[in-house]
Amino acid sequence: MALYEYVTQEQLAGFDKYKYSAVDTNPLSVYIMHPFWNFLVKFLPTWLAPNLITFTGFMFLVLNFLMLAFFDFDFTASSAGHEHVPSWVWVAAGLFNFLAYTLDGVDGKQARRTNSSTPLGELFDHGLDSWACVFFVATVYSIFGRGESGVSVAILYYILWVVLFSFILSHWEKYNTGILFLPWGYDISQVTISLVYLVTAVVGVETWYQPAVWSFLYRDLFIFMIVACSFTVALPMSLYNVLKAHRSNTLKHSSLYEALLPFLSPVLLFLLSTAWVVFSPSNILDLQPRIYYLMVGTAFANVTCKLIVCQMSNTRCQPLNWMLLPMTAVVLLAVTGVLSNETTLLYLWTAAVILAHIHYGISVVQQLSGHFNIFAFSLKKPSRD
């Protein structure tokens with residue numbers, strides 16, 4: 001029995017008709033990673049549930065986040081004059097990141113191999129991917145930090161949003177076209193960052209203080225690659241695919257309002273969180289960047305998961321995420337100075353957002369497991385008694 005029935009009967013009926021449709025044209029993925037994953041999946045026991053593989057991969061990213069939080073909570077460890085993160089941590093981070101990426105690629109193949117593919121598996125996979133964005137970005141940030149040769153917490157905040165919007169673009173595409181066009185940047189970034197972690201363990205963070213090309217520092221290259229990939233690859237390809245569907249009369253939503261509706265809650269979340277950053281009396285982002293990123297990334301994941309449910313069930317996107325209402329009150333309390341201790345307010349609100357998102361996730365998994373008469377983390381069939 002689900003904790004709360006977030007998925008409507010109309011959506012459950014839509015899940016019954018759902019068929020997976022995706023396009024992956026990335027050469028790295030097609031010619032290297034998929035053959036590698038096809039090789040690895042043969043060694044997995046056939047009793048191993050795909051969702052358990054998905055969850056294990058996600059937990060490796062959470063472990064990376066927590067590990068770097070322990071050694072570099074406020075992102076200053078890579079700055080000159082500070083005690084640096086131990087080399088073994090970067091080795092572990094590189095291995096954990098690549099393991100997470102590998103398990104994310106193997107889970108679907110295990111599902112097809114064991115004939116256990118379900119809409120729940122795809123929802124679980126993509127839902128955790130949406131939350132993984134913040135853990136991935138925050139962990140990478142520790143390589144450069146916020147020192148003189150690093151990246152300011154404000155710039156990293158906007159970079160996080162570039163990554164988040166790049167992620168939701170793919171699901172906006174599918175909401176409108178019915179096809180998930182897998183982004184090229186994902187595979188390239190995962191392999192690159194895994195290698196960068198390992199290189200950092202060998203050469204030290206001081207290497208990233210040096211110019212990469214001419215007077216461009218590695219931090220500048222880091223920022224340029226993320227922004228350029230988003231605005232010159234991800235965004236144009238998404239728009240092209242949606243416009244192509246429009247020209248061929250296969251677009252699911254004919255009106256501009258309905259087509260753009262999935263962006264309403266993410267944009268409102270961006271405006272609310274940015275208002276808190278800009279008008280914070282105590283400069284909350286500078287005081288607690290890691291917790292602030294976690295709060296924003298978790299709230300975004302909740303918004304995205306609800307879009308994925310609508311996209312997979314072929315139902316209308318929810319215009320407004322309920323979480324934005326109490327967040328509006330929280331931001332007003334903070335920026336007006338009604339509550340003087342912003343740090344305590346941020347911690348309490350972050351805890352509330354995380355608990356609400358976990359509650360939502362568990363409820364949806366339980367509801368869909370019951371609907372399809374399956375166990376989420378086992379290939380055994382439940383009895384109907």
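Other residues, nucleotides and ligands place no more than 12 heavy atoms under 6.0 Å from the CZ atom of F216. The environment of Y158 atom OH is dense: over 12 non-hydrogen atoms of other residues, nucleotides or ligands sit within 6.0 angstrom. F270 CZ: more than 12 foreign heavy atoms inside a 6.0 Å radius. Within a 6.0 Å sphere centred on NE2 of H246, other residues, nucleotides and ligands contribute 12 heavy atoms or fewer. More than 12 heavy atoms of other residues, nucleotides or ligands shown are found within 6.0 angstrom of CZ on F375. Within a 6.0 Å radius of CD in E206, other residues, nucleotides and ligands contribute more than 12 heavy atoms.
Look at D286 and R146 and you find a salt bridge, because one of the NZ, NE, NH1 or NH2 atoms lies within 4.0 Å of a carboxylate O, short of that distance.
At least one donor-acceptor pair under 3.5 Å links the side chain of H84 to the backbone N or O of H82. The closest donor-acceptor contact from the side chain of D220 to the backbone of L217 lies under 3.5 Å. Remark: the backbone N or O of L182 is not paired with any side-chain donor or acceptor of D24 at under 3.5 angstrom. S21 places no side-chain N or O within donor-acceptor distance of the main-chain N or O of I179, the cut-off being under 3.5 Å. Side-chain atoms of T54 come within 3.5 Å of backbone N or O of P50 as a donor-acceptor pair. Listed for the R113 side chain is a donor-acceptor partner under 3.5 Å among the backbone atoms of V41. For D107 (side chain) and I53 (main-chain N/O), no donor-acceptor pair under 3.5 Å exists by modelled atom type.
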Pair F36-T102, side chain to side chain contact (heavy atoms under 4.5 Å, CB included): steps then yes or no:
CA-CA 9 Å; F36 175 61; T102 300; 4.2 Å; yes

Decide side chain to side chain contact (heavy atoms under 4.5 Å, CB included) for D72 and Y141; before the verdict, give the C-alpha distance in whole Å, the side-chain angles of both, and the deciding distance to 0.1 Å.
CA-CA 10 Å; D72 184 27; Y141 186 28; over 6 Å; no

Could you walk me through whether F136 and D129 satisfy the side chain to side chain contact (heavy atoms under 4.5 Å, CB included) test, starting with their C-alpha distance in whole Å, then the side-chain angles of each, then the deciding distance to 0.1 Å, before giving a yes or no?
CA-CA 10 Å; F136 170 69; D129 285 345; over 6 Å; no

Decide yes or no on side chain to side chain contact (heavy atoms under 4.5 Å, CB included) for T139 and Y197, but give the supporting numbers first.
CA-CA 10 Å; T139 304; Y197 286 143; 3.2 Å; yes

Mind running ring pair (Phe, Tyr, Trp, His ring centres under 6.0 Å) on Y186 and Y101 for me, showing each step along the way?
CA-CA 9 Å; Y186 172 69; Y101 171 52; 5.7 Å; yes

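Summarising the geometry of S369 relative to L120, their closest heavy-atom pair is OG-CD2, 3.4 Å, with the distance given to 0.1 Å. Of all the heavy atoms in G297 and W131, the pair that sits closest is O-CD1, 4.2 Å. Summarising the geometry of M67 relative to A93, their closest heavy-atom pair is CE-N, 3.9 Å, with the distance given to 0.1 Å. A pairwise comparison of heavy atoms in E173 and F181 identifies OE1-CD1, 3.0 Å as the closest pair. Scanning all heavy atoms of the two residues, the minimum distance from T177 to K252 falls at C-CE, 4.2 Å. Of all the heavy atoms in F73 and Q288, the pair that sits closest is CE2-OE1, 3.7 Å.
In this structure the side chain of P382 reaches within 4.5 angstrom of the side chain of N373, judged on heavy atoms.
Under a hydrophobic clustering in which Ile, Leu, Val, Met, Phe, Trp and Tyr are joined whenever their side-chain heavy atoms come within less than 4.5 Å, directly or via other members, L271 and L160 fall into the same cluster.
For an aromatic pair to be called close, the ring centres must be under 6.0 Å apart, and Y360 with Y6 satisfies this. Outside the 6.0 Å centre-distance limit, the rings of W208 and F222 are not counted as a close aromatic pair. If you look at W90 and F71, their ring centroids are not closer than 6.0 Å. Taking the six-membered ring where the residue is Trp, the centroids of F377 and F124 are separated by under 6.0 Å.
Inspection of the S282 and E342 side chains reveals an N or O donor paired with an N or O acceptor under 3.5 Å.
H34 and W37 have perpendicular rings, their planes meeting at more than 60° on a 0 to 90° scale where under 30° would count as parallel. Under the 30°/60° scheme for interplanar angles, the aromatic rings of W161 and Y157 are found to stand perpendicular. Using cut-offs of 30° and 60° for the angle between ring planes, the F15 and F372 rings count as perpendicular.
Interatomic distance, Q190 CD to L195 CG, rounded to the nearest 0.5 Å: 11.5 Å. Summarising the geometry, atom CG belonging to L48 is positioned 8.5 Å from atom OG1 belonging to T114; distances are rounded to the nearest 0.5 Å. How far NZ of K380 is from CD1 of I374: 15.5 Å, rounded to the nearest 0.5 Å. To the nearest 0.5 Å, atom OG1 of residue T46 and atom CG of residue L379 are 8.0 Å apart. How far CG of L307 is from CG of N302: 11.5 Å, rounded to the nearest 0.5 Å.
Shown are F135, F96, F98; of these, the ring-ring contact (aromatic ring centres under 6.0 Å, His included) with F60 is made only by F96.
Both tests hold for R290 against F65: distance to the six-membered ring centre under 6.0 Å, angle to the ring axis within 45°.
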